[in-house]
Amino acid sequence: MKLHNTLTRKIEEFKPLQDKIVTLYSCGPTVYDYMHIGNLRKFVFDDTLRRALEANGYKTKHAMNITDVGHLVSDSDEGEDKLEKGAKREGKTVWDVAKHYTDSFKKDVAALNILKPNVSGGPDNYAKATDFIPEQIEMIKILLEKGFAYETPKAIYFDVSKLKNYGELTGQKLSDKEVAVRSDVVTDKNKRNPQDFALWFFTVDRFAHHDMHWSSPWGEGFPGWHLECSAIIHTLLGDPIDIHTGGVDNIGTHHVNEMAQTEAAFGHKLANYWVHCEHLLVNDQKMSKSLGNFYTLVDVIKKDYDPLALRLLFLQSHYRSQMNFSWESLDGAAEFLKKLRAWADLKFQSNLGHKKGAGDSYKEALEHIQSAVNEDLNTAQALAILAGQASLAEQEGANPDKLQPLLERLDELFGLNLSSRDDITDPAKRIIGQREQMRRDKNWSEADRLRDELAEQGIAVEDTEHGPVWSRTDA
RNA sequence: GGCGCGUUGGCCGAGGAAUUAGGCAAAGGUCUGCAAAACCUUUUACACGGGUGUGAAUCCCGUACGCGCCUCCA
């Protein structure tokens, strides 16, 4: 299997540290607001990667965090904590805010058929940052002891000048980076280097009234954003891990700092492969909360789209390409999904008879699909092959005995739930039979009436040379 | 200033050299009891300029435009 590694900016053959086991970590959500579908594209990507690994026979150990503390926002000159900001906005406690948006996130990923992490770090296997405070404090201790960190009245910082290859992931020299590009960045005069980042904030000054705080050997406070991932990985998976994923916007700062912390504290690298997902755009601009040009999964559902249509849309592009979202493109994916489902439902219609040889191409198609996925997750190409099979079935029919096993394999890869669909009811089948009789009797008006009746139940009937073929229009 | 990515038809998007995938949409035709599906056409697709090659959407250089990141973002 091949993957693009941000560390080398090349597509590399994937080799895990241990035979047949892959340790995988995905940066999770910051639960201060609803996820938008751009966020969700990244989680579909994580899921696709994991499914691909498992389809290749690897056992995965997959962990994901939930950031419920410490992630600073700064849309005023005061860098607030995102959670605190959300709480103020909604008149709730930070803990309530975290819970509300965590629940919402879980609902979203469930609707998109995204697998939960399989290494337990807490409820539903997600690892909340606030559940790993001691582990984070432990890392700070080590970093202070080893001289990679220092204390100021406001915070404990990581000294980036102490780590030789700091920023390796960006391919950019420290001296070339503009400091505080965004005008709203708050800087601490006591920092040794502008790029030094906080490991621990003291609840003083602007954070004096911070609701979430813990005691530490150095004083009351709360952890910096980057630390949680390093600590959670160290605790749940053990570093180095095989693969670390995230969005491209994490490359420059978050992941650079995660790497730095782990390397400095434990003396070895954090991950062998770094895989990053590109952004979803709207009108050629990044979908983001700050621009306000985003849609949530609830928006999608309200417009009567199946969440899996969105999943299919994401799979039709490559994860390293920016994708320009539009409702028109989602329409396209929804139609495509309908077509795939109609194909899957042929497994219930064994009475049809299919041409000899129908289904013989499945094995080869599956191999092609698998190898496309193995080329750095080229799901777009894989789906093109799949579409070819669906089209073929429209001509030669499908072999139900061979179709179901294929659908199961496809679901493992794509998570589109094609193999678990329900048959139509017996009464509906009887109506189809009756209508066929009416057609033979040339009683067209009655036949049409029965067709309308079926349509009301969400069933469309097509008359083929083999007999009537039904498909669902509602699901 | 630095770093990264992109520019393919009506829309979304694959594609590291010899046929521009696939999905969606629209129009016409064939077929059909009527439909639907299928099939056949059509809807002027590879930003621009150089280079290397028998051959370039694909590799190299440059230009233009766009997007992203450089302590908010997936």
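Side chains included, hydrogens not; waters and symmetry mates left out as well; all remaining heavy atoms used. Letters go in sequence order (proteins before strands), and every chain restarts at 1.
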Just the atom pairs and distances: protein N or O near nucleotides 3-6 of chain B's N or O, under 3.5 Å.
| unit_1 | atom_1 | unit_2 | atom_2 | d |
| --- | --- | --- | --- | --- |
| B/C3 | O2' | A/Thr170 | O | 2.7 |

Does A/Ser230 reach the side chain of A/Met139, with side-chain heavy atoms less than 4.5 Å apart? yes

Between the base of B/G33 and the side chain of A/Asp448, is one N or O donor paired with an acceptor at under 3.5 angstrom? yes

Would you please name every residue forming a ring pair (Phe, Tyr, Trp, His ring centres under 6.0 Å) with A/Trp274, sequence neighbours left out? A/His244, A/His255

Taking any heavy-atom pair under 4.0 Å as a contact, classify A/Ser288: base, sugar-phosphate, or nothing. base

Pick base, sugar-phosphate or nothing for A/Asp463, based on heavy-atom distances below 4.0 Å to the nucleic acid. base

Give a yes-or-no answer on whether the side chains of A/Gln389 and A/Ser361 include a donor-acceptor pair shorter than 3.5 Å. yes

Atom C1', compared across B/G9 and B/C46: separation rounded to whole Å: 10 Å

Closest to the A/Ser326 side chain: B/A14, B/A74, B/C12? B/C12

I'd like a table of atom pairs between the protein and nucleotides 23-28 of chain B - only N or O on both sides, under 3.5 Å - with the distance next to each one.
| unit_1 | atom_1 | unit_2 | atom_2 | d |
| --- | --- | --- | --- | --- |
| B/G23 | OP1 | A/Lys339 | NZ | 3.3 |

With sequence neighbours excluded, what pairs up with A/Lys107 under the side chain to side chain donor-acceptor pair (under 3.5 Å) test? none

Roughly how far apart, to the nearest Å, are B/G53 and B/A47 at atom P? 23 Å

In whole angstroms, the gap separating C1' of B/G16 from CD1 of A/Ile11 amounts to 9 Å

Quick one: A/His254 NE2 to B/C70 P, roughly how many Å, whole number? 13 Å

Length of the CZ-C1' vector between A/Phe197 and B/U71, whole Å: 10 Å

When the distance from CG of A/Leu386 to P of B/A21 is rounded to whole Å, what number comes out? 19 Å

Going by the rule ring pair (Phe, Tyr, Trp, His ring centres under 6.0 Å), which residues pair with A/Phe14 if we only count those two or more places apart in sequence or in a different chain? A/Tyr58, A/Tyr273

Salt bridge (Lys or Arg N to Asp or Glu O under 4.0 Å) partners for A/Arg311, two or more places apart: A/Asp47

Please measure how far the P atom in B/C12 lies from the corresponding atom in B/A17, and state the result in whole Å. 26 Å

From B/A74, B/C73, B/C12, nucleotide with atom closest to A/Met323 side chain: B/C12

Would you mind reading off the distance between A/Asn293 atom CG and B/G68 atom P, rounded to a whole angstrom? 9 Å

Could you tell me how far apart A/Leu169 (CG) and B/C69 (P) are, to the nearest whole angstrom? 16 Å

Which residues satisfy the salt bridge (Lys or Arg N to Asp or Glu O under 4.0 Å) test with A/Glu375, sequence neighbours excluded? A/Lys2

Over all strands shown, is A/Ile385 touching base, sugar-phosphate only, or nothing at heavy-atom distances under 4.0 angstrom? nothing

Taking the side chain as C-beta and beyond, is there a heavy-atom pair between A/Ile233 and A/Glu258 under 4.5 Å? yes

Examine B/A74: is either OP1 or OP2 under 4.0 Å from a nitrogen or oxygen in the side chain of A/Lys286? Give yes or no. no

How long is the line joining CG of A/Asn193 and C1' of B/U71, in whole Å? 13 Å

Exam field: side chain A/Asp299 to backbone A/Thr296, donor-acceptor pair closer than 3.5 Å: yes

Does B/G53 sit syn or anti, given that only angles within 90° of 0 count as syn? syn

So what does A/Gly38 hit on the nucleic acid, given a heavy-atom distance under 4.0 Å: a base, only sugar-phosphate, or nothing? base

Closest of B/A14, B/A74, B/C34 to the A/Asn250 side chain is B/A74

For B/G13, does either OP1 or OP2 sit under 4.0 Å from a side-chain N or O belonging to A/Asn324? no

So what does A/Arg41 touch, heavy atoms closer than 4.0 Å: a base, only the sugar-phosphate, or nothing? nothing

Pick base, sugar-phosphate or nothing for A/His318, based on heavy-atom distances below 4.0 Å to the nucleic acid. sugar-phosphate

Whole-Å distance between B/U8 P and A/Asp284 CG? 9 Å

Rounded distance in Å between the P positions of B/U44 and B/U8: 16 Å

Could you go through A/Asp196 and A/Lys191, starting from their C-alpha distance and side-chain angles, then the distance that decides it, and tell me whether this counts as salt bridge (charged side-chain N to carboxylate O under 4.0 Å, His left out)? CA-CA 7 Å; A/Asp196 290 353; A/Lys191 278 166 76 169; over 6 Å; no

Any residue meeting ring pair (Phe, Tyr, Trp, His ring centres under 6.0 Å) with A/His4, in chain and number order, not counting sequence neighbours: none

RNA chain B: stems of at least 3 consecutive Watson-Crick or G-U pairs, cut-off 3.5 Å? B:1-7 with B:64-70, B:10-12 with B:22-24, B:25-30 with B:38-43, B:47-51 with B:59-63

Assign A/Leu281 to base, sugar-phosphate, or nothing according to its heavy-atom contacts below 4.0 angstrom with the strands shown. sugar-phosphate

Listed nucleotide nearest any side-chain atom of A/Asp249, set B/C34, B/C69, B/G15: B/C69

A/His226: what forms a ring pair (Phe, Tyr, Trp, His ring centres under 6.0 Å) with it, not counting sequence neighbours? A/Phe197, A/His254

Could you pull out all residues at least two apart from A/Glu462 that satisfy side chain to side chain donor-acceptor pair (under 3.5 Å)? none

Quick check: on RNA chain B, is the nucleotide nearest A/Met287 upstream (toward 5') of the one nearest A/Arg435, or the reverse? Name the residue that is more 5'. A/Arg435

Sequence-distant partners of A/Asp46, salt bridge (Lys or Arg N to Asp or Glu O under 4.0 Å), two or more places apart: A/Lys42

I'd like the C1' distance from B/C48 over to B/G68, given in whole Å. 23 Å

Mind checking the C1' distance from B/U20 to B/G13? Whole angstroms is fine. 13 Å

With a 4.5 Å heavy-atom cut-off, do A/Glu263 and A/Phe148 have their side chains touching? no

Side-chain atoms of A/Leu313 come closest, of B/C12, B/C73, B/A37, to B/C12

With rounding to whole Å, what would you report as the distance between B/A21 and B/U42 at their P atoms? 13 Å

Rounded distance in Å between the C1' positions of B/U43 and B/A36: 23 Å

